[in-house]
Amino acid sequence: MGAHVFIWLIVVLVLLWVGKHGWEEYRIRRRSTLEDAIKYLYDCEEHHRYGVPEALAGKLGLSTRATLRLLHRMAQRNLIRFCGNRVCLTPAGKALGLQLLRAHRLWERYLSDYTDVPLREIHRLADKREHTLTQEDLQTLEATLGHPRRDPHGDPIPRESGEWMAEVGVPLTDWPVGQPARVVHVEDEPEDLFAQALAEGLIPGADVVILESKPEGLHLKVDGNDVWIASILAAQVHVIAAPARVEETPPMSLADLTRGERARVIGISREIRGLLRRRLLDLGFTRGAIVQEVLESAFGRGDPRAYRVRGTLIALRREQAEHIYAEPLTDEGGDVTP
Amino acid sequence: MTPTPGCSSCPFVQQLGIDLSEWDYLVALAGNPNTGKSTLFNRLTGLKQHVGNWPGKTVTRAEGGFEFNGKRYKLVDLPGTYSLLSASVEEEIARDFILFGNPDGVIVVMDATAVERNLNLTLQILEITDRVVVALNLMDEARRKGIHVNHRGLARELGVPVVPIVARTGEGIGYLMQALEDVIEGRVRTHPRRIPLDPALEHAVRELVPLIEQAFPGVRNARWIAIRLLDGDPTIERAVRTGELSALLTGELPRDALPVDETPQEEETLYPPGLAILKKADILRAALDEDFRDRLVEDIYNEAARITQRVVRVEGTPAQTWDERIDRIVTHPVWGLPLMLLGLALAFWVTVVGANYPSEWLATLLFGIEGLGARAFQALGLPWWVTGFLWHGVYRGLAWVVSVMLPPMAIFFPIFTLLEDLGYLPRVAFNLDWLFKKVGAHGKQALTMTMGFGCNAAGVIATRIIESPRERLIAILTNNFVPCNGRWPTLIMLGTVFVAAAFPPAFAAFAAAGSIVAAVLVGVLFTFIVSWLLSHTLLKGEASAFTLELPPYRRPDIVRILYTSLIDRTIFVLWRAVYMAAPAGGLIWILANVHVHGQSLVHWLAAFLDPFGRLLGLDGVILLSYIVALPANEIVVPTMIMAYSGASTVTEVENLAALKALLVGQAGWTLLTAVSLMLFAVLHNPCSTTILTIWKETGSKKWTLIGALLPLAIAFLVTFVVAQVWRLSGWVM
């Protein structure tokens, strides 16, 4: 009989848990749907399109009735108003949209700098988390991350005030032929030119190379596609030098040192970010530091290894050591301070 | 310089220990890890100290007092850190205390053998406060290594007094105290050195400083605040935004008024000039190079290197040869591993053998008191159940746990601390890291596991040495898979009664030892399996950062080790016994002595649990014992014996033959029962103290729940599978 009571007890506990959990889930989902709608409308307005209920329904995967109910709820909260057959955001709605965007991008930055979540999963996680971050959370997060300017995809992160970091870019017309560039800004006035730019894929973050420049227009490769655009349009598009996708591999890293060999640190790879980067710097692996390889773990086949840096032995794993770039040091330097 | 007498005998400094009443000056003790900071702390305040946690944090805080020249000082030991720039909890605590705790003075302990590294922190502290005295510690070691530090030159460079000391012997402490008093009372004016920043950053800082000084009059470290604002610092930004900065800095607002992240935020009042500063900082930051943070740390270290070059002279070859020679041996591909295993085996052997006698004495003594107490109660004419409940229940549970647990702990923990202080344990972590890396864990988990052999709760606390959040959580959640002190009796009993008996007498001892080792290895195996599972599922995204310092080998401070590990652990164990084991003892007594339908509650409950127990190859009594022994695994075996023999109180059986007769003859145990029980003992849920500790250390209900239930589920699963396979294959029954 004991076993039966046990099983029933477990069943009841599971049911209770599911019930409570389910209710919370429902509330979060309801809120998320509303906020996703706001985000969509915000995005539309940013890109000078207009949100229409049908498109919204499609985007959120809701039935027409559910969409109408949702819109009704949003209007009640004074987040939207109806302008003709379109849906416009009120200032409150815009503010919410901006906050969501800010939350999304800050969280993406956090995930990429402070956790091991792969880049392709970042967007999905941020889509969930953005709904539960408060204004104060965002302030703390932003300061902790050191006020990042962009999310990991290169999109700017709006400030709390609603300002965007001014993008210093060069009009595409002034960009040299053949040099890889990245779009950072597209003038949004006049509208038809903007729409045209979007149609050609010239959006912030797109990678562009000018293949050919003629007085009447430019032949471009935009994210791999061949595009011809008029000069008047090219002047609307601002670009910066494309961030190098692959870092130049310097001659060697700390992982290449053999026992007793010394080297001078050149820098830490961009791939090391957040917590670990700060810790490595604080431990003294800064540019110019002189590092000596002292010990290898015999059991891990040389991983980890211990390095003497600024008078202390610090053990690093291979995947860290190979991201600290260094140049070999002739042994006559004699400037290691113990 | 001539060595001054040791401090305990020196005329000036009077250790006050935990007597912190009516102090005149508040002094903070800062420094890198492994600089002998705590030795200096003990030297000044004596061995007795207030040890607790920083409010809301799982970082140890020690406070103590001393008297010098008629003034009473309260000394606060800050966490040892390399820097104050990154966002680790330790650095935040140290930074906040120096900045907002309003200490009258700060002693920065520097390691004379690693001046350049230590200057990084010193220079940062000098940016925050000018009331600093540098204690240049480990001068004896520096002399031995041929490192000459021109301390007067260093004092000139830094603009604050620098006093060479040897904290271990007390050399120079008197001078250090005098310098501290002079700085605090203003007789010595300090001119702290400022870190020269790279031009762009310097420009931005200069723009911000007047704004800060205007908005917050009286702020003395505007330059440092400007640097922090540019760098990004949640605490400072909030203080600027709300305008609380001045109040916090001058101590008008208690430090606790700082909004802590977890507390719900009430509506903040905003301070317009503060907002203007943040906005300006935003604009200035945008103009800076994106990796200006790297440059900042670089600037500090470059400055440290420049100063070092001027004041440190190294004679002959850098004399790290001794350390290096030892390192070659302990990390040797052939000798390293045997040496480590030998060391651990020795530690355990000393613990087990050494604990035997004191355990017996303690048991005799404590149970003797029980007899006396019970007789006294009877003589007073108190009802039998009062005597029974208090003496044979509550007291006996307590006495049992204390006598079984205290002696091994009192031997094991000092040995552990000794190896740690020697500098050997970090090498073990270094040697074993490759293994832990494979399962996504940290090499230092080897140390917290070793600690777990003593006590899992202590092992969980020990995970504080793992700075990387993900690896720390893994170490916390899996610590339970190494059998602690309280579980050894079960394993030893099973090994000797069942496994040894199945072999010819010549091999019996080996078989017993082998079966115990096998059980431990199963635990270690599950540590790795579960670590791997956790790091690939639940903890996949948690932050991770591996670095491991290998501190130089040092002569340990034996007296301090003995004192702190004995006193700390003793109090811990006694506390645990009182709060956990005593009620369990009471409960067990009630279960054994309250009768329903002519049978004790133990009988009914065991019968109720029996079918479930059988599924796992165990029985109802065993499960019941584990349930009531949740507070302390030490009483599992005595409770089982009590239940089987129908005794009315936890008890022991005289000899192994009688025990075997009881378990096999009366209780119907088989080899399967023994094997299942061994597995269950190693894998089952942590004791209530450990669960409580997990909750305190993680601050999360979710992780506590996982830490408690995951092992239990695994124990059920493993024993269930083993029992079914065993029965199906027809080995038994």
Side-chain angles (χ1 to χ4, degrees), chain A residues 1-3 5-6 111 114-117 125 134 136 139-147 149 159 161 165-166 267-268 274-284 286-289 294-301 303-304 306 308-317 320 335-338, chain B residues 82-83 85-87 113-117 120 145 147 231-234 237-238 261 265 282 285-286 290 293-294 297-298 301-302 305 308-309 312 314 318 320 324 327 331-333 336-337 430-434 437 443 540-550 608-612 615 620:
Chain A
M1 99 179 168
V5 176
F6 252 112
L111 290 176
Y114 281 80
T115 74
D116 282 353
V117 178
L125 290 173
T134 66
E136 282 78 23
Q139 284 170 358
T140 309
L141 191 60
E142 190 179 22
T144 309
L145 297 174
H147 300 271
R149 297 167 203 195
R159 291 275 167 268
S161 56
M165 288 315 286
I268 302 176
L275 193 63
L276 183 58
R277 186 181 192 86
R278 290 225 154 182
R279 177 152 302 141
L280 289 175
L281 288 169
D282 283 342
L283 287 173
T286 56
R287 202 166 57 174
V294 178
L295 214 58
E296 307 92 30
S297 163
F299 310 104
R301 283 192 236 121
D303 181 20
R308 186 171 301 283
V309 55
R310 302 187 194 274
T312 312
L313 270 189
I314 306 284
L316 298 177
R317 284 179 179 169
Q320 283 136 19
D335 42 359
V336 174
T337 32
Chain B
Y82 291 113
S83 164
L85 287 174
S86 56
T113 65
V115 169
E116 182 179 328
R117 153 167 318 278
N120 178 37
K145 289 186 176 173
I147 300 166
D231 190 15
D233 182 317
E237 275 184 27
R238 197 174 297 143
D261 299 338
Q265 314 256 328
D282 232 21
R285 194 184 306 112
E290 256 185 282
R293 279 174 201 86
D294 294 16
V297 185
E298 225 172 271
Y301 265 119
N302 287 345
T308 309
Q309 227 155 36
V312 178
V314 183
Q320 288 130 1
E324 276 174 20
D327 271 340
T331 63
H332 194 272
L337 201 63
F430 179 77
N431 276 345
L432 293 180
D433 183 67
W434 63 280
K437 180 183 169 180
K540 206 162 131 194
E542 295 283 330
S544 152
F546 175 89
T547 49
L548 172 66
E549 193 193 338
L550 303 176
F608 170 77
L609 291 170
D610 204 55
F612 186 60
L615 283 180

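As a basis for the values below, the full set of heavy atoms in this structure was taken, side chains included, without hydrogen atoms, waters or symmetry mates.
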Heavy atoms only: give me the nearest [X]-[Y] pair and the separation to one decimal.
X	Y	answer
A/Arg310	B/Ala305	NH1-CB, 4.5 Å
B/Leu550	A/Ala306	CD1-CB, 3.6 Å
A/Ala315	B/Phe546	O-CE2, 3.7 Å
A/Gly311	B/Ala114	O-CB, 4.0 Å
B/Arg117	A/Val309	NH2-O, 2.7 Å
A/His147	B/Arg293	N-NH2, 4.4 Å

Per-residue contact mode, [X] against chain A (heavy atom under 4.5 angstrom):
X	result
B/Glu298	both
B/Leu432	neither
B/Asp610	neither

Contact class of [X] relative to chain B, heavy atoms under 4.5 angstrom:
X	value
A/Leu283	both
A/Glu296	backbone
A/Arg277	side chain
A/Arg279	side chain

**Report entry** Most chain B-contacting option - heavy-atom pairs closer than 4.5 Å, from A/Val294, A/Leu295, A/Leu316
**Finding:** A/Leu295
**Report entry** Options A/Asp282, A/Thr134, A/Leu276, ranked by heavy-atom pairs under 4.5 Å with chain B, top entry
**Finding:**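 Looking at each option in turn, the highest pair count goes to A/Asp282.
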Query raised in the report: Less than 4.0 Å between a side-chain N and a carboxylate O, is that true for A/Arg278 and B/Asp231?
Result: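 The answer is yes: the pair qualifies as a salt bridge.
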**Report entry** Short N-O contact, B/Asp294 and A/Arg287, less than 4.0 angstrom
**Finding:** no
Report task. Check step by step if side-chain hydrogen bond (donor to acceptor under 3.5 Å, both in side chains) holds for A/Thr140 and B/Arg238. Result -> CA-CA 8 Å; A/Thr140 309; B/Arg238 197 174 297 143; 2.8 Å; yes
If you round to the nearest 0.5 Å, how far is [atom2] of [Y] from [atom1] of [X]?
X	Y	atom1	atom2	answer
B/Asp433	A/Asp303	CG	CG	7.0 Å
B/Asp327	A/Leu313	CG	CG	6.0 Å
A/Arg317	B/Lys437	CZ	NZ	6.0 Å

Report task. Could you walk me through whether B/Thr547 and A/Leu280 pass the side chain to side chain contact (heavy atoms under 4.5 Å, CB included) test, one step at a time? Result -> CA-CA 8 Å; B/Thr547 49; A/Leu280 289 175; 3.9 Å; yes
Query raised in the report: Taking the side chain as C-beta and beyond, is there a heavy-atom pair between B/Pro333 and A/Phe299 under 4.5 Å?
Result: no
